[in-house]
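Just below is one structure, and these are the notes that go with it.
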Amino acid sequence: MSTVPAIRLRTVNDAPPRAGGRYVLYWMIAARRTRSNVALQHARDEANARGLPLLVLEALGLDHPWASARFHAFVIAGMRDNAERLGDRYYPYVERTVGEGKGLLAALARDAALVVTDDAPVFHLPRLVAAAGKRLDVRLVAVDGNGLLPLRDAPSTPFPTAYAFRRHLQKTLPPHLARESWPEADPLAGEAASDAAPTVDPKIEARWPRGFDVDLAALPLDHAVGPVSGFPGGPVAAHARLRGFVARFGAYATDRNEPSADATSGLSPYLHFGHIGAHEVFDALAAREGWTADRVKAGGNGSREGWWHASAAAEGFLDQLVTWRELGFNVASRDPLHASYDGLPGWARATMEAHATDPRPHAYTRAQLEAGQTHDPLWNAAMRQLREEGRIHNYLRMLWGKKILEWSPSPREAYDTLVALNDRWALDGRDPNSYTSIGWVLGKHDRPWGPERPIFGMIRYMSSDNTARKYDVKPYLARWGEGATKPAARQGALFG
DNA sequence: ATCGGCTCGCGCAA
DNA sequence: TGCGCGAAGCCGAT
């Protein structure tokens, strides 16, 4: 009945579907978009099967530790796009006081034949879904739309290396690339009762008013973390970004590590908030390359080269989008320690701990780091980009992390600082991928790399001097360094 | 400019 | 049991 592969569907609770429900409710929590969204597609199938309309709830709560004007602005921009597409079927809701939103899902579910949601191993979402499953008296189905590989098509233990995971992908992925397994580009196009608006109890609307036109300044948020410039949120902006990236994709192979070049995709924030899906990014690239699924052959030995049978640039980018991104999801879905120091490999913790009492020639408090007040101008510039733009250039982010290890009193504190700064300031913080890149800095998915050094032990070392030797960092320093003039138009006027 | 060594663990071939 | 291979490393020798 469902057009979504069964391996992506998970029934969360024991409650049956409700006879006499007025709509099928899609509780949109991770895939905050209306295109290429298998959860929405499944909800639509269920609605069609019952002759019912769809209702889509997209809520934005205040009750999590990193709630800030930055993330709120980003998500609300996406609500604008989703409202455009969904019309009467859309129930956007932004909490005005902490706890105000409690009960909305259950209230809407009381008239639902079935509730569908996203199954994503991201931040607090698994706990949220589990709790909802217990509370609701109607069936809740969670749908895994995270990546090309369904999360459940892998062993129950997480992959320790990208190499091992890549080998698994090379064996397992081909059937999931087939057209019939692929998400529909526009699930709303296949909606049978699209003209019938779902009837929502007016008492619910009175208590939890629909809408997203809120005064951000009045909300209890972390306002020091302000909206970013250059990265407007939402599916429309995400697709504009994707088009731009594909248009200049030729430079990706050579310039992706060049801090001054705009050669990377910049899609990570959109992927994190679900404003675009991995399948959509894959499709855009495949179209550009004239690539078709039959070019991938089952087999392969885990090597990065010559797997996709695409250009060098495409192979490199797909290794990011598929291998590394989905490795992060694989680990996040299977390792409860994936976001903690204790989740690092044994050899990495051992070698760092053997050097825990080494003298630290430079030591900074977390506040000094957060303010970008170190002796290292390149590092300070990276921190400033993170504070102001909500991201750090891919290559410099590694250096940024390595120095936090070098300048922290202990490896455990280094890990916690990395996570805290990234969770708070990065648009794609709190994502499985963020924990992958932070973990990599401290040896995760990497190997020991001599010679043994103070503080680092056998953790792979990086230095600002070498980075400056390999890449042209002058334009980056001019943009983000100490003496740089503030870029214009940083005010958050979008949502005033 | 380019190259090997540093060093560990995995999966597969033998 | 050996072997190839691995997100971006650094360093010194040629």
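Chain A is the first sequence line, chain B the second, and so forth, proteins listed ahead of strands; every chain is numbered from 1.
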Using the P atom on both, measure B:dA1 against C:dA8 and round to a whole Å. 22 Å

Contacts of A:P475 meeting side chain to side chain contact (heavy atoms under 4.5 Å, CB included) (sequence neighbours excluded), chain-then-number -> A:S260, A:D472

Assess the side chains of A:T3 and A:Q41: does a donor N or O sit below 3.5 Å from an acceptor N or O? yes

In this structure, CG of A:N146 is separated from CG of A:D144 (nearest 0.5 Å) by 4.5 Å

For residues A:H168 and A:F159, establish whether the separation of their ring centroids is below 6.0 Å. yes

What string of B, S and - do you get for nucleotides 8-14 of chain B, 5' to 3', if B is base contact, S is sugar-phosphate-only contact and - is no contact with any protein heavy atom under 4.0 Å? S--SS--

Separation of C:dA8 atom P from A:R469 atom CZ, nearest Å, is 19 Å

Looking at residues at least two apart in the chain, or sitting in another chain, which of them share a salt bridge (charged side-chain N to carboxylate O under 4.0 Å, His left out) with A:R33? A:E280

Within residues 454-466 of chain A, residues whose heavy atoms come under 4.0 Å of DNA chain C: A:R460, A:Y461, A:M462, A:S463, A:N466

Strictly below 4.0 Å, heavy-atom distances to any atom of DNA chain C: list the hits from residues 395-417 of chain A, or just say none. A:Y395, A:M398

Spacing of the P atoms in C:dC5 and B:dA14 (rounded, Å): 14 Å

Rounded to whole angstrom, note down the P distance from B:dT7 over to C:dT1. 23 Å

When the distance from CG of A:L318 to P of C:dA7 is rounded to whole Å, what number comes out? 15 Å

Please name all residues satisfying side chain to side chain contact (heavy atoms under 4.5 Å, CB included) with A:D222, sequence neighbours left out, ordered by chain then number. A:S68, A:A224, A:V225, A:R424

Residues passing the salt bridge (charged side-chain N to carboxylate O under 4.0 Å, His left out) test with A:E289, sequence neighbours excluded, are none

Nearest whole angstrom, please: distance from the P of C:dA7 to the NZ of A:K444. 15 Å

Quick one: list whatever passes side chain to side chain contact (heavy atoms under 4.5 Å, CB included) with A:S2, sequence neighbours left out. A:V4, A:L9, A:H42, A:D45

Considering every strand and a 4.0 Å limit on heavy-atom distances, what is the contact class for A:R453: base, sugar-phosphate, or nothing? sugar-phosphate

Quick one: closest heavy-atom pair of A:N82 and A:P235, and the distance? OD1-CG, 3.8 Å

Sequence neighbours left out, what passes salt bridge (charged side-chain N to carboxylate O under 4.0 Å, His left out) with A:R453? Give chain and number order. none

Could you tell me which residues satisfy salt bridge (charged side-chain N to carboxylate O under 4.0 Å, His left out) with A:D186, sequence neighbours excluded, listed by chain and number? A:R85

Across the strands shown, which category fits A:E452 at heavy-atom distances under 4.0 angstrom: base, sugar-phosphate, nothing? nothing

How close or far is atom P of C:dA7 from atom CD of A:E315, stated in whole angstroms? 14 Å

Aromatic centroids of A:W440 and A:Y435 separated by under 6.0 Å: no

Length of the line joining A:W324:CH2 and C:dG6:P, which is rounded to integer Å: 12 Å

Using a 3.5 Å cut-off on both pairing distances, which stems of three or more Watson-Crick or G-U pairs include DNA chain B? B:1-6 with C:9-14, B:8-13 with C:1-6

Could you check whether any side-chain heavy atom of A:L442 comes within less than 4.5 Å of a side-chain heavy atom of A:L418, counting everything from C-beta outward? yes

Considering residues at least two apart in sequence or located in another chain, which fulfil the side chain to side chain contact (heavy atoms under 4.5 Å, CB included) criterion with A:A238? A:Y270, A:H275, A:I276

